[in-house]
Every structure is written in structure tokens, then in C-alpha cells.
Amino acid sequence: MSDSSKTSRLLSEREIFLSFCREESLPKAAKTLGVYPSTVSRAISALENFLNTKLVEKQEGRLVLTETGRRYSSILDENISFIHEFESKLIQQIMEVDIISPEWVQNHIIVPTLSKFTNYHNIMRTNLVISSSITRMRLGTPTIFVGSGRLDRRLNNMLLKNICEVPLGIYSFDKNSFSANTPLDVDDVKNLSLINVVDGDGKSVINFHENKNLHFPHAVMTVDALDKAFFLALEHKCTFVSCYGLVQSALETGDCIEVPLKTPMDKLPLDLIFTDNNNKEFMSLARSIHEFGQNLLGVYL
């Protein structure tokens, strides 16, 4: 027999004492609880020291309750079920939630929203997962995904609210390679040596209405977030795909240029996709992320 509780939580000294009262025997109480008799004896002694009173005494070679012990046992017996019920409700209120999104969304939307959503700490255990794909979703776990994976089959039966349509462009720190008078067509874009960004489906975010899913045989590298493309391009001084909000400062200082295109690129949908859930606090958190993202990106992009 292992010296541990049959339940996943630790038994209190009061609960161990109450079990002894019900069984009227150390060995029987120990067997019921799944612990050693010595554990029951130590718990009763610790409780007596805490209360500064005798709860049990020896009579004819066996332990029996004192008068105080009987009164205390009666009080515990009347209230322990209420305490367990109350504790159970508290435990059930703590919901484990996964929030999955690219790193820049985590930093700019998720974390600020959680800091404002002050009530969630007492009711949710939140796991933040940095990913541009929903592949990290755990079956059965309430999930919030913020990204561009609306066509992913794993999102079936989840709720979708669009945060915004992100306008995309192609930018370069090499200002001498492109002319404002010679806009690029789709074939020109395909042959660019650039830092490409893929969405949650692993497809390039550089799309045109008449020509989806472009391939870039001369791509310098592929990343999964617009901010990564910007910082890598800054480091390597090469062409990249991004949105205006991330390059605005570089454009204003003249360090970066927007590559002219004959046809505007398709906008990238940034969606809030979340589990349909009856928990009002979870739904409130999802709405808060959606509203914060809309307010932020309405200016940021």
C-alpha cells in the first residue's frame, strides 16, 4: 500500500480525523483512505496540537473519541460535504484555454488584451502558443486562434470573426533595384529574390486574384510572420513582403521603398477563430481579443 491519498489532492488532517471517527479504528480508516495507519495517527496528533485539546484517548487498549472529539466530529461531519461541494465548484470554474497565434499577434494583441481582461486569472489557465498554424490545437481544449488559417479543415465547427483585412505590399531596402516607372507584373514577382511569408496552410501570403499560390524559386528564405520578414530583410538588405504598419517608419525615413506592382496583392485576412463554448468568461475573452485587435490594427495597418 502506498502512503498516499486515493484522490489526486492531499487529504487534510480534518478529513483523516473524520474518517477515523466514522470507522472507529486506525487500521480501518487507513484502509479506507489508502494510507498507512501511522499516517492517520500523525494527522490526529497534529490536529490535537493545533487545537490544543485531546480528541482521542485510549480505553481498554483502543483509541476512542473524547467528549470534545465527539462534538468536533459532529461539526465536521455536518459541514465536510458542503466544503467538498464548494471546492469542487471552484475547481470546475478554472478552465484551461489555449491561445494560438504568430509571435507578433501574441505581442501586440493577445498579451495586452489579457492584461486588460483582469477577471480571467481567477477562472482560466491560459497557455500561449506561438504558431501561425492551428496544428498545435489540442482536441477537447477550448481554443482561440488568431491568424490567417480560415481555410484549415481543423477549424471546422469553430466560430470565426474577422479582425481585419491586412493590406500587403512588397518592399525593399535595396532602393536601386526597382523603378517607380516600371511596375512589376505577376511573373516578375514570381522571380524575385525575396523573403517570403507563408500562412497557416503553408502557402505564400503573396497572392493575386488571378494567380493564387505563387511559388518563389529564388526566395532567399521563408518565414511564418510578417514581422520576421521585415527584421530579416533589414538585416540582409533584401526584398520582402509585409504590411504598411510594420514598414511605415522605414518608409518615412527613406530607408525602405515600396516595390511598384501592376496589380495590387490580395489582402491577408486576420481572423479570430475560437471554440464554440457555453462559458461566458471564455466568450468574453474571445470578444475582448477581437475588439482590441480591431481597434489596434485599424490604426496600426
Inset, instruction - Measure up the Phe230 and Phe173 rings against each other and bin them: parallel (under 30°), tilted (30 to 60°), perpendicular (over 60°). - result: tilted
Quick one, [X] and [Y] - any side-chain contact, counting heavy atoms below 4.5 Å?
| X | Y | answer |
| --- | --- | --- |
| Tyr171 | Tyr244 | yes |
| Leu168 | Leu226 | yes |
| Met265 | Ile170 | yes |
| Lys54 | Thr68 | no |
| Asp98 | Pro142 | no |

Legend entry - Under-4.0 Å salt bridge between Lys116 and Glu291: no
Spacing of [X] atom [atom1] and [Y] atom [atom2] [to the nearest 0.5 Å]:
| X | Y | atom1 | atom2 | answer |
| --- | --- | --- | --- | --- |
| Ile110 | Ser288 | CD1 | OG | 11.0 Å |
| Arg42 | Glu13 | CZ | CD | 11.0 Å |
| Leu63 | Leu55 | CG | CG | 11.0 Å |
| Met137 | Phe145 | CE | CZ | 10.0 Å |
| Thr141 | Glu96 | OG1 | CD | 6.0 Å |
| Ser177 | Leu192 | OG | CG | 10.0 Å |

Legend entry - Check against side-chain contact (heavy atoms from CB on, under 4.5 Å), Phe216 and Ile206: CA-CA 10 Å; Phe216 297 91; Ile206 303 180; 3.6 Å; yes
Legend entry - hydrophobic_cluster_shared for Val56 and Ile75, side chain cutoff 4.5 Å: no
Inset, instruction - Flag yes if Ile130 and Val197 sit in one hydrophobic cluster, no otherwise; membership is Ile, Leu, Val, Met, Phe, Trp, Tyr, and two members link when side-chain heavy atoms are under 4.5 Å apart. - result: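 No; tracing contacts between hydrophobic side chains, which count when under 4.5 Å, never links both residues.
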Look only at the side chain of [X] and the backbone of [Y], and say whether a donor-acceptor pair between them is shorter than 3.5 Å.
| X | Y | result |
| --- | --- | --- |
| Glu15 | Ile80 | no |
| Ser172 | Asp174 | yes |
| Glu24 | Val64 | no |
| Ser115 | Pro112 | yes |
| Asp188 | Asp185 | yes |
| Asn277 | Asn279 | yes |
| Lys161 | Arg287 | no |
| Thr32 | Lys28 | yes |

Inset, instruction - In sequence, state the C-alpha distance, the side-chain angles, and the governing distance for Phe282 and Ile144, and then conclude on side-chain contact (heavy atoms from CB on, under 4.5 Å). - result: CA-CA 9 Å; Phe282 173 82; Ile144 296 173; 3.8 Å; yes
Legend entry - Residue of the set Val241, Leu232, Thr222 for which side-chain contact (heavy atoms from CB on, under 4.5 Å) holds with Ile195: Leu232
Legend entry - Residues, nucleotides or ligands: over 12 heavy atoms within 6.0 Å of Arg22 CZ: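 Atom CZ in Arg22 is crowded, with more than 12 foreign heavy atoms closer than 6.0 Å.
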Inset, instruction - For Asn157, look at atom CG and say whether over 12 heavy atoms of other residues, nucleotides or ligands are found less than 6.0 Å away. - result: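 No - once you tally the heavy atoms of other residues, nucleotides and ligands closer than 6.0 Å, there are 12 at most.
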Inset, instruction - Compare every heavy atom of Phe208 with every heavy atom of Asp266, then report the nearest pair and how far apart it is. - result: OD2-C, 3.4 Å
Legend entry - Where Gln294 and Ile163 come nearest, the two heavy atoms and their spacing: CG-O, 3.2 Å
Inset, instruction - Answer yes if the side chains of Asp255 and Thr253 hold a donor-acceptor pair under 3.5 Å, and no otherwise. - result: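 The answer is yes; a qualifying pair exists.
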Legend entry - Worked check of side-chain contact (heavy atoms from CB on, under 4.5 Å) between Val146 and Leu270: CA-CA 7 Å; Val146 183; Leu270 185 65; 4.2 Å; yes
